[in-house]
Structure formats: structure tokens, C-alpha cells
Peer 1: 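One structure, as C-alpha cells, below. Some questions next.
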Amino acid sequence: MEKELSKVYEPKKVEEKIYKLWEKSGFFNPDKLATRKKQQATSYTIVLPPPNITGSLHMGHALNAIVQDILIRKKRMEGFQTLWLPGTDHAGIATQNVVEKELKKEGLTRQDLGREKFIKRVWQWQEKYGNIILEQLKKLGASCDWSRTRFTLDKDYCQAINHAFSYYFKKGWIYRGNRVINWCPRCGSSLSDLEVEYKEKKGHLWYIKYPLKKNHKSQITNHKQIPNYIMVATTRPETMLGDTAVAVNPQDKRYKNLIGEIVILPILGREIPIISDKNVDPKFGSGAVKITPAHDFLDWEIAQTHKLPLIPVIDKNRKMTKETGKLCQGLKVSDCRQKVIEELKKQKLLEKIEDYNHQIPHCFRCGTIIEPLISEQWFLKMKNLAPKARMAVKKKEIIFTPKRWEKIYFDWISNIKDWCISRQIWWGHRMPIWRCQIGSKLKVKSSRLKVNEEYFVSVKKPKRCPICGKCNPEQVEDVLDTWFSSALWPFATLGWPKKRKAKSEKRKTDLEKFYPTDVLSTAPEIINLWVARMIFSGLEFMKKTPFKKVYIHPVVLTREGKRMSKSLETGVDPLDLIEKYGADATRFGLIYQIMGGQDIRFVEDHIIMGKKFCNKIWNASRFVLEQIGKPQNPNHKSQTNPKTQIPNLKQLTKADRLILKKLEDIIKSVNKDLENFRFGQASHTLYDFFWHDLCDKYIEQFKRQETRDKKEEVLLYVLLTSLKLLHPFIPFATEEIYQKLPIKNKGLLITEVWQ
RNA sequence: GGGCGUGUAGCUCAGGUGGUUAGAGCGUACGGUUCACAUCCGUAAGGUCUGCGGUUCGAGUCCGCACAUGCCCACCA
């Protein structure tokens, strides 16, 4: 290694070299760190939110990584055994999508390959691209313990999942249910509510006359005049074929005397009742709504309370079922709509059509329109899990920063529905559930069969069916929702559910040493999808919250304040920034903008500022080194150890005292800011101090002073302390400079003693 | 429809518990610099702090309303 700092600051050269130096030291691994902490906790843990294996680094990842790296680096310097555990997520549907797209280029579908070959293909993909984002994080300077990298489909991890699943199953919390679910016809899978995106689209509201059945007995007894039809308004006329009732609000005077009447469903001629339900809004449309329990969430709920039958009219391929009769069977939904409209017009039952904008559900992965349909799925009961998770945050066992995000969490967890955990895709953890053939035959006779009389849990195929003892059981085809696995991330990555070894303090397992973790830093959009689920999983399996603090980082928006999006090409690639300005500048420039919980509009100006700042640090350091190194200086004292000694105050000039006092102040404020996730504020403080107090004032004064008054000790002390404080933000340049400082017995700045 | 947030210099943003001439970076204008740094130094221009009303001796800062803008949630067919 060269002895002096190069004249020009070249981030690329420095960063490559320094990252290798750190990796060689092994200090990213907490086992290699001797703790300097005598009391309280000696470890400090963060688990990296596992990026999807489909992804490459984007601004959100970059920001999140910087935040976590700052926290980890500071704690490491403070003497904690720090673990920042990285890993990746198999990301069920997302990854399957990508590979299916690849196949499509070859003119193949996953069905062409078959399940086994397809999964092999996805594994090939994961081997090739799965860790790309982790490699990119290294460029940013992330000090993760790469030796502990995990993947949600690792063998150990699968064990954890099977363990968790069996546990829930034995508790009786997993059940099979008939529900209206969000079905994505393209992905061929159900989606949770959270995976559905609503987009406003122009549509129509169709007013359809449903004729009343004549000579119905109430018509004879009732003196009031009964009209010969009831008007129904709908946005989806084709679903009328599956109607099993018409509902009105019980308070609605217009329809009061029609409740209990029978109407004839147009086209199919089925007789269906008029019912009343408080969920019907009398102000909307005609005030009368058709009820299609098999294809609408609200309708399904109304059907439950009124015990209405359900008739599926749309199948999983978005084609009309045989229930729709000769007219429509086999048609696509859109064609069927045309047909139905035509027919209604013919029969003069279509009163009018209004323009109407409404929210259409789309698959948040592939953008296909969701088809709500009735389907058998697996559910996890939330009744026991959710309240505990709610209480943990209420009792401040977990603290959200910024605090307002708590509300999002509470709103969801307090009104939670059971979790649909099954997905009809191939890539993921296949449910460890088997079906007894005899049991399933019984099911046909008695729909009241309990889940454990038909299904049982087993990781491998059992030799004998544990239910009937003779059949050849079949494993359920479904895989688990991808969030089922990430919900276990904070402890499954640390070796759970392996039994602990009850040995000495020193032989603690990772799980004992590092769980619970300290901070979870993540994006706001997955508070409920992921954070909430980790909380109840952690509480259930570990009896402790998985983390103490949740930091929700701001969203990085475009300059115009819009979401950065790949498809719209409005994104900024952090790797481009690193290439152009260096990782240090990118880190500092980004974090400089993170003031409160406000989302940030990204502008490159701040990164340029970061680059200039790094250059300033570089050159100021070169100046200091030059002064200290000058042998002709009579005051030169190579024996001083600035690591521990604050220069003696008695011999100091006014300027010396001033800079030392100022330094003392900023140490306090930077510490305080970092403890409170005020990253931007801390970086502003450091910037101002280094540039304006140290360079503009102290160093300029130093240059003007008489030689005998100069205090190199002060200069070196202030520089060293600044480098330490700056290190979490600007790790590479500060380390490079530190390596050139004339200090005895020094190691690496990453393990230097923090203030 | 509900909730949350934002609106301060041309641009991107700071301005804990209300208190003297409202700050930074970038940009702009002018000047300087062999001796750490032109990725530098100095100076300057530029703001009715979205609007209206209120509380107060005093409000960018607290309260109400309005307008603008963004995000999240929701079963209005």
C-alpha cells in the first residue's frame, strides 16, 4: 500500500481496494469481533429485508441499505458484536413470472415443461441471477456478514417453514374454505387483498329490469300496486347469470313492499328472491343490487347471511361455465357481456346505460384484471395471532419511526381477515399437506368433514396413510404464499427451529445470541404484508417480538414527485450514480436528503454535493498529513496518540479551544440524531462542521499562524474524530485516509473506537 | 368514500417545545486563488414562508377553513 494519499481523489480505485481490505479482515462477521461492551446487550442485529431474486438494486434498496449500514457501522465501532444478516427471497409469483416470460421467448409454457422441469428451470435462473442484488449492495459498501447469507428456499429454511406450518395445523388454525378470492387468470393463482391494485377505468352502469313473478301470493294480499319489474344497476351485466337474489336496503321506502317477492332472472328465467340487507346503499344506482355470490366479495357476504346458493358462472380461465346456459357457455367474459346486452335489448329489459368510472382490480405483479371467483383455498386463522401482535405495539414493545405508521399497522391488524396462504403456482414451498383418498370420497357425502379427517401434514410421503391406513395419499398441489416464508425471516435465518444447546455462555447459538433483532428498516408499502406478519410469527414461535424498533424509510420519488417505475422508465439507477460519483458520494448525497419521514424527490444535485464533500475531506486530510509529516517542524511530536488523548487544554489557543468545543457539541448531536433515525440531520451537522468549522476557519487560521503556535495534535485529533463520525456515512474514503494517519497500533477504521 | 402527508429563494430541501436582519446545496452574477482542494475561495442578487381567518405582546412555527399536490386504505354493485 502506498504511504501517501493520492493527489487526486478517485473513488472507484479507493472503493474497490478498501472493500477487499474489509472482507479480508473478517470484521463483517460478529464472531470475529471482540465485544467491548461489558454490560447490557453485547450484540446488535439487523436482518436485511431479503430482496426478491428477480430484482436488481433500485433507489429504495440503496436507501434502505445505506440506512442499515450506517446503523451497523456505528454500533460496530461502539463495540457491539454486530450482525447484519443478508439474504434473498424466492418471491413466488414474481419469480415464476420472470421465468415464464423467458420460456415464452422460446415458445414454451410452464405446462409444456411440467412442474418438475419448470422448477428446475427456475432454480437455474436463481443460480444465475439470484444474488445479483447482494453483489450490488457490496458496491454500495454494505457491511453484511456474507458468510451468513440465507435464501428462503434453503434446506434449513424449508424445515422452518414445515415446522411452522405443522404447528399451525396441529393447533387447528389452518382450514380449507370456500371463499371469493382474487383470482389472477394470467398467474393462475389466488392473490391476497394486499396484492391487488385498483386502477380507475371508464366503464358503464347498466340499468336492467328484472321482471317480477306474477300471481305471487303476496300480490293478492297486498293492496298496494306492485310494479311488474324491479330495476337493478350493475357494472358487470354478464355476472347476472350467476345471480341468486336481488337486494335492497331495508330502509328504502321505494322497495319496502317488494321485499320477499320473487323475480324472474332475465335470459335464464331462474326465480330468485328480493331480500333486504343493510349493506346496500340506497343512493347508488337504482338502490337495488343484483347478488352474485360466486363473483363478488360483498355479494358473497350477503349470501352468507341470507343463506343464498352460489352459482359460479366464470371459470379460472375467464370463460363462462355451463351454468350460463346455451347462450353463453364457453364464451369469454367480454364476449358474454356483449351477448347478454344484446339479449337484454332484444327483450327490452335494458333501461339505460350511464357512464361510470370505477376501480378495477389488477394483479400487482402482472397487471392483469383480477377475476373475483369462488374457490377452495387454505386459510390461517388470525383470531389468536393478531391480537397479540396488536398488543405488542400498543405496549410499545415495538416502536415505529416515524410514529404515524403505527396507525397503518393498527388499522390492518385490528380488522384482519383470515390469511389465505395457498397459491396455485409451482415456484415456492409446496404445502406439506396430504390428502387421504378415502377421506376425500367421504367428503362428497358429508361436507361437514373436519380438515384433519381428510388431510394430514407430512414433509415426506408417508408409507401408510395416517388417516385410513390403506390409501395412497396425494400431496396438495398448492404452494404457500411467499409472505408465509418471509414472515419467519428474523428467526428462521438464525437457525430456528433447531433445538438449543444448553451449554456455556460462550457457546450460545446464533438464535440465542442475535434474536430478537434490534432494528427493522423497511419500506412503507410492506408494513402489513411483511412487518405485521413477522411480528405475530415472532411472538408465536419465539415468544418475543422479532425486533424492537421499526424504521420506515421514505420513498424515493422522481423529481416530479411521482413514483419511480421501471415500466415508465422514470427510475434512477443507483449503480449509475456509483459509477459516476462513487459510492461514498451516492451514500452521503442520498442520506443528506432524508430529513424526517417525508418522501424525497430525487435530484442529482445532492449527489454532486456529496462528491464535492468527499473531495474536500480528501484534500483537507492531505493537508493535515502534510503538516504532521513535516520533519522541519520543531513542534512535531510523533509520539502523540490521538486515539485516546484529547490535547491538553492549557496549552491551547482560543481557536484550538473553539474547534474542540465545537467538536464535542457535534459528537453529542450526531449521536442523538442517529439514535433517533435522524440521518439527514446528522449528515448536515457533520458537513457543516467539517467544511465550515474545520476547513474554512480552523485550518485557514492554522495556515496563517506562526509556526511555534501550531498544534498538530489538535489538527490530528480533530481530523481523526471527524473521520470516525463520518465513517458510517462515507465509509470508503474515511478508511483510506485513516490508513495513512501516523497513529501507533492502529487497525481498521471500521473497528476504531466510536465517540 | 376514508386516512395520512406535503405546499418556505429559479430547482431540491432544512427550519425540536412560537421570540431579534428566515438558512443550505445546486443554479445565477461579479471578483479571487502558484504554496490541501477550480470538485476551490470570497462577495452579491433572489423569499408578501399557498391563500383567508383565529389564538398571542409576538406565528414559517399553534388552531380552523379553503385551494393545490402526492401516497395509502376501502365491498358502493
Side-chain angles (χ1 to χ4, degrees), chain A residues 5 7-9 11 180 193-194 196-198 203 205-206 208 232-237 239-240 243 246-247 249 277 279-292 295-302 356 358-359 361 372 402-408 410-412 415 417 524-525 527-528 554-555 557-563 581-582 585 589 592-627 669 672-673 676 678 680-681 683-685 687-688 691-692 695-696 699-700 702-703:
Chain A
L5 280 181
K7 188 154 191 229
V8 184
Y9 165 55
V180 178
D193 288 350
L194 297 166
V196 175
E197 240 172 32
Y198 288 86
L205 200 53
W206 320 77
I208 304 167
V232 162
T234 181
T235 53
R236 298 197 61 188
T239 61
M240 68 177 288
D243 285 1
V246 170
N249 190 291
D277 193 290
N279 287 308
V280 177
D281 179 358
K283 284 177 209 131
F284 188 89
S286 63
V289 57
K290 57 196 248 355
I291 300 296
T292 321
H295 300 286
D296 185 277
F297 291 91
L298 179 63
D299 292 5
W300 189 82
E301 263 172 48
I302 292 177
Y356 181 66
H358 62 149
Q359 302 290 325
K403 195 172 185 301
R404 67 189 145 91
W405 295 110
E406 270 181 9
K407 202 176 168 337
I408 304 287
F410 285 133
D411 285 353
W412 187 73
N415 303 300
K417 287 186 205 162
E525 72 254 23
I527 290 174
N528 295 326
V555 178
L557 303 168
T558 65
R559 194 191 188 101
E560 287 73 35
K562 296 270 156 70
R563 251 205 130 71
Y581 305 107
Y592 190 85
Q593 288 182 81
I594 308 303
M595 294 308 285
Q598 262 63 265
D599 293 345
I600 60 163
R601 296 177 182 216
F602 180 78
V603 279
E604 218 160 292
D605 296 355
H606 292 273
I607 311 293
I608 294 169
M609 180 275 304
K611 176 83 189 284
K612 288 184 176 180
F613 185 44
C614 292
N615 187 66
K616 189 74 180 173
I617 295 168
W618 189 268
N619 282 296
S621 302
R622 277 180 55 222
F623 174 78
V624 173
L625 283 167
E626 216 171 87
Q627 296 306 308
S669 77
K672 205 177 158 193
D673 283 341
N676 294 305
R678 291 163 53 90
Q681 285 83 351
S683 66
H684 281 245
T685 303
Y687 181 95
D688 290 340
W691 203 302
H692 303 303
C695 294
D696 290 354
I699 290 182
E700 290 305 319
F702 185 96
K703 284 203 276 192

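In what follows, chains carry the letters A, B, and so on, assigned in the order in which the sequence lines appear, proteins first and then strands, with residues in each chain numbered from 1.
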Peer 1: Would you say A/Q593's side chain and A/G680's backbone share a donor-acceptor pair under 3.5 angstrom?
Peer 2: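 A pair under 3.5 Å: no.
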Peer 1: For the C1' atoms, the ones on B/G60 and on B/U8, what distance do you get once it is rounded to whole angstrom?
Peer 2: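 Approximately 7 Å lies between the C1' atom of B/G60 and that of B/U8.
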Peer 1: As a test of reading the structure: which of B/C41, B/A36, B/G25 is closest to the side chain of A/F623, going by heavy atoms?
Peer 2: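 My answer, after comparing the listed nucleotides, is B/A36.
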Peer 1: What is the distance, rounded to the nearest whole Å, between atom CG of A/D299 and atom P of B/A77?
Peer 2: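 For the pair A/D299 CG and B/A77 P, the rounded distance is 11 Å.
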Peer 1: Nearest to the side chain of A/R622 - B/A36, B/U39, B/C11?
Peer 2: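 Among B/A36, B/U39, B/C11, the one nearest the side chain of A/R622 is B/A36.
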Peer 1: Judged by atom type as modelled, is there a donor-acceptor pair below 3.5 Å linking the side chain of A/D296 to the main-chain atoms of A/D299?
Peer 2: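 Side chain of A/D296 to backbone of A/D299: a pair is present.
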Peer 1: Checking A/H684 side chain against A/Y592 main chain: does a donor-acceptor pair fall under 3.5 Å?
Peer 2: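 Present.
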Peer 1: Under 4.0 Å: is that the gap between some side-chain N or O of A/K612 and OP1 or OP2 of B/C26?
Peer 2: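 Result: yes.
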Peer 1: Quick one: list whatever passes side chain to side chain donor-acceptor pair (under 3.5 Å) with A/N676, sequence neighbours left out.
Peer 2: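 By the side chain to side chain donor-acceptor pair (under 3.5 Å) rule, A/N676 matches no residue at all.
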Peer 1: Show the nearest heavy-atom pair for residues A/T558 and A/R563, with the distance to one decimal.
Peer 2: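 Residues A/T558 and A/R563, closest heavy atoms: CG2-O, 3.9 Å.
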Peer 1: Check this for me, if you would: do A/K611 and A/E604 make a salt bridge, where the nitrogen-to-carboxylate-oxygen distance has to be below 4.0 angstrom?
Peer 2: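 Answer for the salt bridge query: no.
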Peer 1: Roughly, in whole Å, what's the span from CZ in A/R404 to P in B/C73?
Peer 2: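 Distance check: A/R404 CZ to B/C73 P gives 15 Å.
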Peer 1: With rounding to whole Å, what would you report as the distance between B/C49 and B/A9 at their C1' atoms?
Peer 2: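 Going atom to atom, C1' in each nucleotide, I get 10 Å.
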Peer 1: Which nucleotide sits closest to the side chain of A/N619: B/C72, B/A36, B/U39?
Peer 2: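 Given the options B/C72, B/A36, B/U39, the side chain of A/N619 is closest to B/A36.
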Peer 1: Report yes if at least one side-chain N or O of A/W691 is closer than 4.0 Å to OP1 or OP2 of B/C41; otherwise report no.
Peer 2: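 Checking A/W691 against B/C41: at least one side-chain N or O falls below 4.0 Å of OP1 or OP2.
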Peer 1: Please verify the inter-ring angle class for A/F613 with A/W691; under 30° counts as parallel, over 60° as perpendicular, anything in between as tilted.
Peer 2: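 Ring orientation of A/F613 relative to A/W691: parallel.
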Peer 1: Given that both distances must come in under 3.5 Å, which nucleotide forms a Watson-Crick or G-U wobble pair with B/A77?
Peer 2: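 Base-paired to nothing in any strand shown.
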Peer 1: For atom P, what is the distance between B/G15 and B/U34, given to the nearest Å?
Peer 2: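 After rounding to an integer number of Å, I get 40 Å for this pair.
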Peer 1: Starting at the 5' end of RNA chain B and moving along, which residue's nearest nucleotide shows up first, A/V8 or A/K290?
Peer 2: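 Its nearest nucleotide lies further toward 5', so the answer is A/V8.
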Peer 1: Is the A/Y9 ring parallel, tilted or perpendicular to the A/W618 ring (thresholds 30°, 60°)?
Peer 2: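 If you compare the ring of A/Y9 with that of A/W618, the planes turn out tilted.
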Peer 1: Any N or O donor-acceptor pair linking the side chain of A/K616 to the base of B/C37 at under 3.5 Å?
Peer 2: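 Flag set: donor-acceptor pair detected.
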Peer 1: Which nucleotide wins on minimum distance to the side chain of A/V280, given the candidates B/A36, B/C26, B/A77?
Peer 2: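 Nearest to the side chain of A/V280 among the choices is B/A77.
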Peer 1: When the C1' atoms of B/C75 and B/G23 are considered, how many whole Å apart are they?
Peer 2: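 50 Å, rounded to whole Å.
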Peer 1: Taking atom C1' in both B/U48 and B/A22, compute the distance separating them and give it to the nearest angstrom.
Peer 2: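 The answer is 14 Å between these two C1' atoms.
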Peer 1: Could you check which nucleotide pairs with B/C67 in any of the strands shown, counting Watson-Crick or G-U wobble with both distances under 3.5 Å?
Peer 2: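 When the pairing criteria are applied, B/G7 turns out to be the nucleotide that pairs with B/C67.
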Peer 1: Taking only the C1' atom of each, what is the distance from B/G7 to B/G47 in whole angstrom?
Peer 2: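 That atom pair is separated by 14 Å.
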Peer 1: Using a cut-off of less than 4.0 Å, is there contact between a side-chain N or O of A/R236 and OP1 or OP2 of B/C76?
Peer 2: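 The answer is no; no side-chain N or O of A/R236 sits under 4.0 Å from OP1 or OP2.
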Peer 1: Could you check whether any side-chain N or O of A/R622 sits under 3.5 Å from a backbone N or O of A/L5, counting only pairs where one atom can act as donor and the other as acceptor?
Peer 2: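 The answer is no, because no donor-acceptor pair under 3.5 Å joins these two groups.
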Peer 1: What nucleotide, of B/C37, B/C72, B/C76, holds the atom closest to the side chain of A/D281?
Peer 2: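 The listed nucleotide nearest to A/D281's side chain is B/C76.
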Peer 1: Is the positively charged end of A/K703 above the ring of A/F623, judged by distance under 6.0 angstrom from the centroid and angle within 45° of the axis?
Peer 2: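 The answer is yes; both the distance and angle limits are met.
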Peer 1: By the 4.0 Å heavy-atom rule, please label A/L205 as base, sugar-phosphate, or nothing.
Peer 2: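 Answer is nothing: A/L205 stays at 4.0 Å or more from every strand.
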Peer 1: Give the rounded distance in Å between these two atoms: CG of A/N528 and P of B/C4.
Peer 2: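 Going from A/N528 (CG) to B/C4 (P), I get 16 Å.
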Peer 1: Can you tell me the pairing partner of B/A24 across any strand shown, Watson-Crick or G-U wobble, with both distances under 3.5 angstrom?
Peer 2: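 Partner of B/A24: B/U12.
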Peer 1: Out of curiosity, A/I291 CD1 to A/L298 CG, how far, rounded to the nearest 0.5 Å?
Peer 2: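 Reported to 0.5 Å precision, the distance equals 6.5 Å.
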Peer 1: Taking a pair as Watson-Crick or G-U wobble with both distances under 3.5 Å, which nucleotide is matched to B/C49?
Peer 2: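 Checking every strand shown, B/C49 finds no partner, since no pair has both distances under 3.5 Å.
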Peer 1: Would you measure the distance from the C1' atom in B/C11 across to the matching atom in B/G27 and give it in whole Å?
Peer 2: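 That atom pair is separated by 8 Å.
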Peer 1: Take the protein atom CD of A/E700 and the nucleotide atom P of B/C37, then report the distance between them rounded to whole Å.
Peer 2: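 Answer to the nearest Å: 11 Å.
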Peer 1: Whether A/K611 contacts B/C26 is assessed here as follows: a side-chain N or O lying under 4.0 Å from the phosphate OP1 or OP2. Is that the case?
Peer 2: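 Checking A/K611 against B/C26: no side-chain N or O falls below 4.0 Å of OP1 or OP2.
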Peer 1: Output a table of nitrogen or oxygen pairs between the protein and nucleotides 44-47 of chain B separated by less than 3.5 Å.
Peer 2:
none

Peer 1: Does a distance-only test, which skips hydrogens and angles, find a donor-acceptor pair under 3.5 Å between the side chain of A/K7 and the base of B/A36?
Peer 2: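 No, no donor-acceptor pair under 3.5 Å.
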Peer 1: Anything under 3.5 Å between a protein N or O and an N or O of nucleotides 13-18 of chain B, put it in a table, one pair a line.
Peer 2:
unit_1, atom_1, unit_2, atom_2, d
B/C13, OP1, A/R601, N, 3.0

Peer 1: Does B/G42 pair with anything, Watson-Crick or G-U wobble, both distances under 3.5 Å, and if so, with which nucleotide?
Peer 2: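 Paired with B/C30.
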Peer 1: Between B/G25, B/G42, B/A77, which one does the side chain of A/M609 approach most closely?
Peer 2: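 Comparing B/G25, B/G42, B/A77 against the side chain of A/M609, the answer is B/G25.
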Peer 1: In Watson-Crick or G-U wobble terms, both distances under 3.5 Å, what is the partner of B/C57?
Peer 2: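 Its partner is B/G19.
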Peer 1: For the pair made of CD in A/E604 and P in B/U39, what is the distance, rounded to whole Å?
Peer 2: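 Spelled out: CD on A/E604 to P on B/U39 is 17 Å.
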Peer 1: From NZ of A/K407 over to P of B/C73, roughly how many Å is that when rounded to an integer?
Peer 2: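 Taking atom P of B/C73 as the reference, NZ of A/K407 is at 14 Å.
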Peer 1: What is the pairing partner of B/G2, taking Watson-Crick or G-U wobble pairs with both distances under 3.5 Å in any strand?
Peer 2: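 WC or wobble partner is B/C72.
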Peer 1: Take A/G561 and A/G287, find for each the nucleotide of RNA chain B with the closest heavy atom, and name the residue whose nucleotide sits nearer the 5' end.
Peer 2: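 This one resolves to A/G561.
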Peer 1: Could you measure between the two P atoms, the one in B/A77 and the one in B/C63, and give it in whole Å?
Peer 2: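 Straight-line distance between the two P atoms is 36 Å.
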Peer 1: Indicate yes or no: at least one non-hydrogen side-chain atom of A/Y687 is less than 4.5 angstrom from one of A/M609.
Peer 2: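 Yes, at least one pair of side-chain atoms sits under 4.5 Å.
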Peer 1: Between C1' on B/A24 and CZ on A/F613, what's the gap in Å once rounded to a whole number?
Peer 2: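 From A/F613 CZ to B/A24 C1': 13 Å.
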Peer 1: Please report the closest heavy-atom contact between A/A233 and A/S286, naming both atoms and the distance.
Peer 2: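 It is N-OG, 3.6 Å.
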Peer 1: Is there a Watson-Crick or G-U wobble partner for B/A36 with both distances under 3.5 Å, and if so, which one is it?
Peer 2: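 With both distances under 3.5 Å required, B/A36 matches none.
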Peer 1: Quickly work out the A/R559 CZ to B/G10 C1' distance and round it to whole Å.
Peer 2: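 After rounding, the reported distance stands at 10 Å.
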